[in-house]
**Q** 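The structure is given below, and queries will be raised subsequently.
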Amino acid sequence: MKNIFEKIKKSSPLPQLPQVMIQLIRACGKENTNIDEVTQIISRDAGLTAKLLAIIASSHVNLAKQVTTIKSAVVYLGLDTVRNIAISSSAMQFFKFSNATDNFNINRFWYHSYKCAVLAQRIAREKKQANSDQYFLAGLLHDIGILVLMATFPEEYKEIEARVNQGQDEFDAQTDILDIDGPKVSAWLFKQWHLPPLISDAVGFLSQPPARIQEESDHIKILFMANLMAEPESTTVTKDAQDLTDIPTAVLNDIAVQAENEVHQTAKSLNLDPGDSEQGYHLLADDLKNVSLCFGTLDNLLRAKDVPTVFKTIQRGLEIIFHIPRIFFFLRDREKALLTGICAKEDRHYNIVTSIALAMNNTNSLIVKSVNTGNITTSIDKEDLAASDTQVIRALETPFLYAIPIPGQNGCSGAMVIGVDNDLSHTLDKNKTLLALFSRQAGTCLENLNFHERYARDISDKKMEAYATLTDKVVHEINNPITIIKNYLETLKLPQKHPALEDISVVKEEIGRVSSLLEGLTSFSKPKVEGALKTIDLNEMCRRILVVLEKSILALRQIRIQIDLDAGMPKATLDSNGLKQIIINLVKNAAEALEKGDEIRFKTKLVPGSAKVLIDEKRKLPGMAQITIQDNGPGIPSHIRERLFEPYNSTKPYAPNSGLGLFIVHSIVKGMQGRITYDSHRGKGTCFTILIPLAPDTDPSAPREEII
């Protein structure tokens, strides 16, 4: 068998496999890959170099600057995409074989391979497999070993086909003549390309009898079943396939029908006839290239650490595979029942897109319809478009928009909105499986990132609530005996010069002090804020508070303050008393940490992109105000930073109510539906940032905003 593989490596249809491609695949698969090493490997192969630079040079790929070197192309595409280009290039070599046999039909081969891919993915989803998309790739390439054997051993394969025509099983005939079968070659190739072991193992079992598969794990059974059910133009589910799963027969039949319909429609749209033998190579090569590039993007998506990286990865992948000129994202804000726009910061329409919001009850918007129904929508052949759709199309700078929903566990998380013309729309329609794979993976990544962020915030909030609840109980339990003692002392009648009077006076004073401490505890667990919402000039209110603080606390300590107020800040409806308490506490804390001559910087600004325009509803959402209070003091000690907003966590342990101020600030900010964060470094100072949502302007007479 070893000699067989050696001959495959040396076979003329596979010039790239043993040298450059395998080196490249292995280099890209290492954890700490050196970009220069990958660049050097690629530069050894003129064909691969041309392929990478051709992808980068496409007029549809919107690059900030021209890419003219191999290294910059690798950096832009990413190692996973480069690796998958190498895999697809290697695989496509196997399709370029001479007609070694008279009876081979590449169209039928494509139909079977594509159907096996669709079936494997659908069955994997039904079985709740976490990596169902890998099964699509396994199904698409499961028979590639047969092509390799045909290309490498053309004369021997004529004898194999003769035996098959006489009734012998194809895999048995391959083993008899070549001492190896197609599935084993496929599995070997998968390992050469460093594809996931799960699918390379599954491919290797395809030549085994069904009874043998009964004992194997689900990932092997799924691909085996898909192969059994992938007969072109058939929806029959054999008993062998049914015996390998606990999926109900009715459900399995539905999967078979749906898969056949999908593949049949795809073949029909491509004018592909399984009885013809000319067209299939190009289709299979294109499918393989797109799936390989897609998997490079999906690998990067799984490692995305934040939402902007998710969007950047999706945009780059769609640009490379489908030559998409521009893409916007509209994300769902469930609390406000809105979709809000976002796109790459490098896009010249960034400010426009991030200013758009769409109400989820907007029945006229195609983008909202896509999210609400979970279906792709397009403006092609649509008349009387909503004003928001028209303006998004202007920003896309294309004739039409094409909205793809981003699915999630609790409905769609949003939509990807692509600028298209008729030709690109037709291409996307033919590749809905890949688009669904992209959007499903994007939805999973977004939900995971949001879950972790929300979980951390909930833990912090619950901890604060627990402190407040415990404090309430403690205050209540202590107040009862304190009240009894105070009443008893007041009713206690002693002669005027009784020696105990002085001691009783001291006890009263101490009881009074305890009462004051309890009152302080009550104020921290339930901050006393009026809570009345007022429409105010936020900048003017901040200026007045700071003038008072500058003449009192700051003047006594000779602390300077710089004030920078955003002139574009709109009037805001908010809890003004709560905001005053926040500012006073934070400025006071900063001043107490500073030395004579130190400085505080106070700044307000309207958060860029937070103000939104509801175009169809003809109104604005004013966004969020940001207040930063920064000092150049010693910074917060690390042991304090770990529990900064918890009560009694302070650098002033002996001061009255020490450690309560920041807890109160946190409670008020949370009550205003805002957020407070900080950044502090020893010897470099501390900066607190408060984000507060501004109440929306509900004036129905406001004019419609034209964003372009």
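Numbers here simply count residues along the sequence, with the first being 1. These numbers come from the heavy atoms of this one structure, side chains and all, not from hydrogens, waters or symmetry mates.
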**Q** So with a 6.0 Å cut-off around CG of Asp381, is the heavy-atom count from everything else above 12?
**A**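 At most 12 heavy atoms, drawn from other residues, nucleotides or ligands, come within 6.0 Å of this atom.
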**Q** Under 6.0 Å from the NZ atom of Lys345, do we count more than 12 heavy atoms belonging to anything else shown?
**A**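 Not more than 12 within 6.0 Å, no.
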**Q** Would you check if the side chain of Ser365 reaches a backbone N or O of Asn362 as a donor-acceptor pair within less than 3.5 Å?
**A**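 Looks like no, no N/O pair under 3.5 Å.
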**Q** Does the salt bridge (charged side-chain N to carboxylate O under 4.0 Å, His left out) test come out yes or no for Lys115 and Glu233, once each step is laid out?
**A** CA-CA 10 Å; Lys115 186 174 180 180; Glu233 301 181 316; over 6 Å; no
**Q** What closest approach, in Å, do Met360 and Leu338 show between heavy atoms, and which atom pair accounts for it?
**A**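 Distance-wise, the nearest heavy atoms are CG-N, 3.8 Å.
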**Q** What pair of heavy atoms forms the shortest contact from His219 to Ala202, and how long is it?
**A**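 So the minimum-distance heavy-atom pair works out to O-CB, 3.6 Å.
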**Q** Heavy-atom distance under 4.5 Å between the side chains of Val368 and Thr363, does that happen here?
**A**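 Answer no - side chains too far apart.
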**Q** Show your reasoning for whether side chain to side chain contact (heavy atoms under 4.5 Å, CB included) applies to Ile247 and Ile123.
**A** CA-CA 9 Å; Ile247 298 175; Ile123 295 170; 4.0 Å; yes
**Q** Specify the closest pair of heavy atoms between Leu385 and Lys382, including all atoms of both residues, with the distance to one decimal.
**A**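 Minimum heavy-atom contact is CD2-CB, 3.7 Å.
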**Q** Tell me if a side-chain donor or acceptor on Thr377 pairs with a main-chain N or O of Lys369 at a distance below 3.5 Å.
**A**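 No, the answer is negative, given that no donor and acceptor are paired below the 3.5 Å cut-off.
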**Q** Kindly give the heavy-atom pair with the smallest separation between Cys412 and Pro405, and that separation in Å.
**A**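 That would be SG-CB, 3.7 Å.
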**Q** Answer yes if the side chains of Tyr111 and Glu231 hold a donor-acceptor pair under 3.5 Å, and no otherwise.
**A**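 Side chains of Tyr111 and Glu231: no pair found under 3.5 Å.
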**Q** For a 4.5 angstrom cut-off between non-hydrogen side-chain atoms, does Thr245 reach Lys221?
**A**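 A side-chain contact under 4.5 Å is absent here.
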**Q** Is the side chain of Thr373 donor-acceptor paired with the backbone N or O of Asn375 at a distance under 3.5 Å, no angle test?
**A**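 Between the backbone of Asn375 and the side chain of Thr373 there is a qualifying donor-acceptor contact (under 3.5 Å).
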**Q** Please check this pair: side chain of His142 against backbone of Gly139, looking for a donor-acceptor N/O pair closer than 3.5 Å.
**A**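 Side chain of His142 to backbone of Gly139: a pair is present.
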**Q** Take Leu606 and Leu694 through the test side chain to side chain contact (heavy atoms under 4.5 Å, CB included) and record every step on the way to the result.
**A** CA-CA 10 Å; Leu606 184 66; Leu694 305 178; 4.1 Å; yes
**Q** Would you check if the side chain of Thr340 reaches a backbone N or O of Arg332 as a donor-acceptor pair within less than 3.5 Å?
**A**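 Such a contact is absent between Thr340 side chain and Arg332 backbone.
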**Q** Rounded to the nearest 0.5 Å, how far does SG of Cys116 lie from CG of Leu223?
**A**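 Those atoms lie 5.0 Å apart.
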**Q** To the nearest 0.5 Å, what is the distance between OG (Ser186) and CG (Leu206)?
**A**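 Atom-to-atom, Ser186:OG and Leu206:CG are 7.5 Å apart.
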**Q** Under 3.5 Å, is there a donor-acceptor pair between the side chain of Ser200 and the main chain of Phe190?
**A**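 No: the side chain of Ser200 does not pair with the backbone of Phe190.
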**Q** Between Arg125 and Gln121, is the side chain to side chain donor-acceptor pair (under 3.5 Å) condition met? List the steps.
**A** CA-CA 6 Å; Arg125 271 191 225 142; Gln121 186 180 50; 3.2 Å; yes
**Q** I need the Leu331 CG to Ser413 OG distance, nearest 0.5 Å.
**A**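 The distance works out to 8.0 Å.
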**Q** Start with the C-alpha distance between Glu262 and Tyr114, add both sets of side-chain angles, then the distance that settles side chain to side chain contact (heavy atoms under 4.5 Å, CB included), and finish with yes or no.
**A** CA-CA 10 Å; Glu262 179 178 337; Tyr114 191 75; 4.2 Å; yes
**Q** Any side-chain heavy atom of Ile342 within less than 4.5 Å of one from Phe328?
**A**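 The answer is no; the side chains never approach within 4.5 Å.
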**Q** Output yes when Arg348 and Glu397 qualify as a salt bridge under the 4.0 Å nitrogen-oxygen rule, no when they do not.
**A**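 A salt bridge is present here (some side-chain N lies under 4.0 Å from a carboxylate O).
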**Q** Give the intermediate values and the outcome of side chain to side chain donor-acceptor pair (under 3.5 Å) for residues Asn422 and Ser425.
**A** CA-CA 5 Å; Asn422 280 308; Ser425 176; over 6 Å; no
**Q** Is the shortest side-chain heavy-atom distance between His112 and Asn227 below 4.5 Å?
**A**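 A side-chain contact under 4.5 Å exists here.
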**Q** Report yes or no: does Asp389 contribute a side-chain atom to a donor-acceptor pair with the main-chain N or O of Leu366 at less than 3.5 Å?
**A**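 Such a contact is found between Asp389 side chain and Leu366 backbone.
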**Q** Can you tell me if Lys127 has over 12 outside heavy atoms packed within less than 6.0 Å of its NZ?
**A**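 Yes, NZ of Lys127 has more than 12 neighbouring heavy atoms, counting only those of other groups under 6.0 Å.
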**Q** Can you measure from CZ (Phe330) to OG (Ser370) and round to the nearest 0.5 angstrom?
**A**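 Reported to 0.5 Å precision, the distance equals 11.5 Å.
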**Q** If you look at every heavy atom in Ser439 and Pro407, which pair is closest and at what distance?
**A**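 What the structure gives for the nearest pair is O-CD, 3.5 Å.
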**Q** Is there side-chain contact between Leu147 and Asp143, with heavy atoms separated by less than 4.5 Å?
**A**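 No, too far: nothing below the 4.5 Å cut-off.
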**Q** Under 4.5 Å between any side-chain heavy atoms of Val417 and Val392, yes or no?
**A**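 Touching, per the 4.5 Å side-chain cut-off.
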**Q** How many angstroms lie between atom CG of Leu446 and atom CD1 of Ile314, to the nearest 0.5 angstrom?
**A**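 Result: 6.5 Å between the selected atoms.
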**Q** So Tyr402 and Leu424, do their side chains get closer than 4.5 Å, heavy atoms only?
**A**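 No, every pair of side-chain atoms sits at 4.5 Å or beyond.
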**Q** Side chains of Ser388 and Asp616: donor-acceptor distance under 3.5 Å anywhere?
**A**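 Judged by distance alone, the side chains do pair up.
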**Q** Scan Thr427, Leu428, Asp429 and name whichever one has a side-chain contact (heavy atoms from CB on, under 4.5 Å) with Asn431.
**A**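 Looking at Thr427, Leu428, Asp429, the match for Asn431 under the side-chain contact (heavy atoms from CB on, under 4.5 Å) is Thr427.
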**Q** List the atom of Gln242, the atom of Thr249, and the distance in Å for their closest heavy-atom pair.
**A**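 For Gln242 and Thr249, the tightest heavy-atom pair comes out as NE2-CG2, 3.8 Å.
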**Q** Report the C-alpha separation of Glu126 and Ile255 in whole Å, then their side-chain angles, then the decisive distance to 0.1 Å, and conclude whether the side chain to side chain contact (heavy atoms under 4.5 Å, CB included) test is met.
**A** CA-CA 9 Å; Glu126 186 66 32; Ile255 290 174; 4.2 Å; yes
**Q** Given side chains that start at C-beta, do those of Pro248 and Leu252 come closer than 4.5 Å, heavy atoms only?
**A**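 Counting from C-beta outward, Pro248 and Leu252 never come under 4.5 Å.
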**Q** To the nearest 0.5 Å, how far apart are OG in Ser234 and CE in Met229?
**A**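 Ser234 OG to Met229 CE: 9.0 Å, rounded to 0.5 Å.
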**Q** With distance as the sole test, does Lys612 use its side chain to make a donor-acceptor pair with the main-chain N or O of Thr354 at under 3.5 Å?
**A**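 Yes.
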